[in-house]
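In what follows, a single structure is set out as structure tokens and then discussed.
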Amino acid sequence: MSSTRESLHGLWSSRWVFILAAAGSAVGLGNIWRFPYLTGENGGGAFVLVYLGFVLLIGIPIMIAETIIGRRGRRSPVNAILLIAEEESLSRHWSALGLMGIIAGFLTLSFYSVVAGWSLAYVYFVLTSSFATANSLSSEAIFTNLISSPVQLLFWHTLFIGSVIWIVSKGVSLGLERAVKILMPLLFVMLVLMMIYSLLVGDALSATKYLFATDFSSLTSDVILLAVGQAFFSLSLGMGALMIYGSYLPHDASIPRTCLIVGCVDTLVALLAGFLIFPIVFAYGLEAGQGPGLVFVTLTVAFADMPFGQVFGFTFFLLLTVAAWTSAISLLEPVVAWSVESKGWSRNSSSWLAGCLIWLIGIFCLLSFNELKDFTPGGRNIFDWSEYISANVLLPLGGFLVAVFVGWRVSRMTIASEFGANSAKLFNSWLFLLKYCAPIAVTIVFLNSSGLDLLFR
Ligand code: TRP
């Protein structure tokens, strides 16, 4: 029997809105900023291949599991897990998984907002023609100038997180539904257009070789951990974002089908971004492994050179900001839903309180590019630590626990009714991946990498 519980925060108006919202959460800076820069830093093809493998074998199965928890529990992650645990006579301690997700959300959003702020700043730069004549040298200078100014960074970070808080305080379906319906398809079209341009004028051959030539010598255990982390980050897994979105999913929607669509869209966008950025990197002799600035530096050069570059540049960075925005909303929503349910605070106060805390942590992240540049305990600055702990420790750990909870603890009948497949073969394959493949793979990756040193340091 499927659960008859109702969501306290409303429902999506259809399965399509869930797909758009979940895709809006998944597609963001992770695809367009993080995927290309990690690929560039880690030698290309082999990283891409391992990443794709993790998305397919671990990511999508866990995504299905998270959505199942959400729809079954119809509450914020903490309470959904608690309700299911009670129903299934399991330990209440499982709800710690939801609390861990809240911490992960805080940490992730704090550095995410800083990068989204860069994107916002670039919208402004295009408008004021700051890079109309940029070449590979000056585009690096523009980026360095931006990140070395705490005041500028603070301004854009504040603007971004402020707009996220504002929309979350209004309630998800009102603002979010409308935004994703128009903007997500538009972003997709822009990406395709720009990729075609980049393949035509850039060095398409080198880019293709770079993205697909698998040189396994560059694969260390740390690179594999980065690929796992990126799979979780990009699909928005491991912190409850999909649980909360799943909790607004109508009863009759097929969870496996919708998750498969979301996973494919997300992966496609990451690959599109790769084919947009690397042809330009190679054609202009830019440095593929330059780190977080890669997308900004690369695209500035391209926009300066291309016909109607200003129009394209403006649209592109605006859409990137929107993509980041729809993702950031999903990072804040679980915390807010939880505090509305459990603390009895209003949605408005919850949003502002949580948002301000995140804003504060974000300040430390943005200072690590300038004032706190030399504060690098353990070889990483604060920004890098937030990114590392979130993507490479908390999200995979959260995903691992989701897999164990749904795969091993919740009864087969319950998950089968939410999974709702007519095909036993599909259900069994999914359950196999979730029970064995996901937990074992994440454990091996952890054991082999410095992730473990970090946990037990
Ligand atoms: N997936 C988003 C991106 O690729 C970021 C994101 C949104 C996220 N919600 C999340 C990451 C939840 C981890 C967990 O940009």
Side-chain angles (χ1 to χ4, degrees), residues 20-39 51 54-55 58-60 62-63 66-67 70 76-77 97-98 100-119 160-161 164 167-168 172 176 180 184 187 191 226-246 259 262-274 292 295 319-337 358 386-402:
L20 278 174
S25 164
V27 173
L29 296 169
N31 310 62
I32 300 166
W33 160 72
R34 200 166 188 266
F35 173 75
Y37 108 68
L38 286 183
T39 305
Y51 164 74
F54 281 130
V55 166
I58 302 183
I60 294 178
I62 292 184
M63 186 184 237
E66 273 202 30
T67 315
S76 70
L97 165 57
M100 202 177 84
I102 288 180
I103 299 172
F106 269 71
L107 211 57
T108 312
L109 189 50
S110 61
F111 76 82
Y112 201 84
S113 168
V114 172
V115 180
W118 299 348
S119 175
F160 182 81
I161 196 83
V164 173
I167 198 83
V168 171
V172 166
L176 187 64
V180 290
M184 294 306 297
L187 175 71
L191 278 174
L226 281 172
V228 176
Q230 174 59 12
F232 281 89
F233 187 87
S234 192
L235 295 171
S236 299
L237 300 178
M239 60 75 62
L242 284 155
M243 290 185 208
I244 195 75
Y245 279 12
C259 287
V262 174
C264 289
V265 169
D266 186 66
T267 308
L268 191 63
V269 172
L271 292 175
L272 278 178
V295 178
L319 289 172
L320 181 58
T321 310
V322 173
W325 193 63
T326 54
S327 301
I329 290 169
S330 75
L331 282 160
L332 188 55
E333 179 65 17
V335 193
V336 171
I358 291 166
S386 308
E387 191 183 345
Y388 187 87
I389 296 178
S390 138
N392 298 340
V393 181
L394 293 179
L395 302 182
L397 195 61
F400 170 86
L401 292 174
V402 166

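None of the values given here were measured: they were computed from a predicted structure. Because only heavy atoms are used, hydrogens play no part in the values below, and waters and symmetry mates are left out as well, while side chains stay in. In listed order, ligands and their atoms are each counted from 1.
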Handout entry: All side chain to side chain contact (heavy atoms under 4.5 Å, CB included) counterparts of A323, not counting sequence neighbours
Key = L187
Handout entry: Counterpart residues, ring pair (Phe, Tyr, Trp, His ring centres under 6.0 Å), relative to F400 (two or more places apart)
Key = none
Handout entry: Close side-chain approach of V164 to L331, heavy-atom, < 4.5 Å
Key = no
Completion exercise
For F111, the ring pair (Phe, Tyr, Trp, His ring centres under 6.0 Å) test, sequence neighbours excluded, returns F383
Exercise for the section: Apply the side-chain contact (heavy atoms from CB on, under 4.5 Å) test between M63 and each candidate in V402, L242, I58; give the one that qualifies. Expected result: L242
For ligand 1, list every N/O pair with the protein closer than 3.5 Å, one pair per line with the distance.
from, atom 1, to, atom 2, distance (Å)
ligand 1, 1 (N), S25, O, 3.2
ligand 1, 1 (N), A26, O, 3.1
ligand 1, 1 (N), F233, O, 2.8
ligand 1, 1 (N), S234, O, 3.1
ligand 1, 1 (N), S236, OG, 2.9
ligand 1, 4 (O), A26, O, 2.8
ligand 1, 4 (O), G30, N, 3.3
ligand 1, 4 (O), N31, OD1, 3.4
ligand 1, 9 (N), S236, OG, 3.3
ligand 1, 9 (N), S330, OG, 3.0
ligand 1, 15 (O), L29, N, 3.1
ligand 1, 15 (O), G30, N, 2.7
ligand 1, 15 (O), Y112, OH, 2.6

Exercise for the section: Would you check if there is a donor-acceptor pair between the side chains of S110 and S386 at a distance under 3.5 Å? Expected result: no
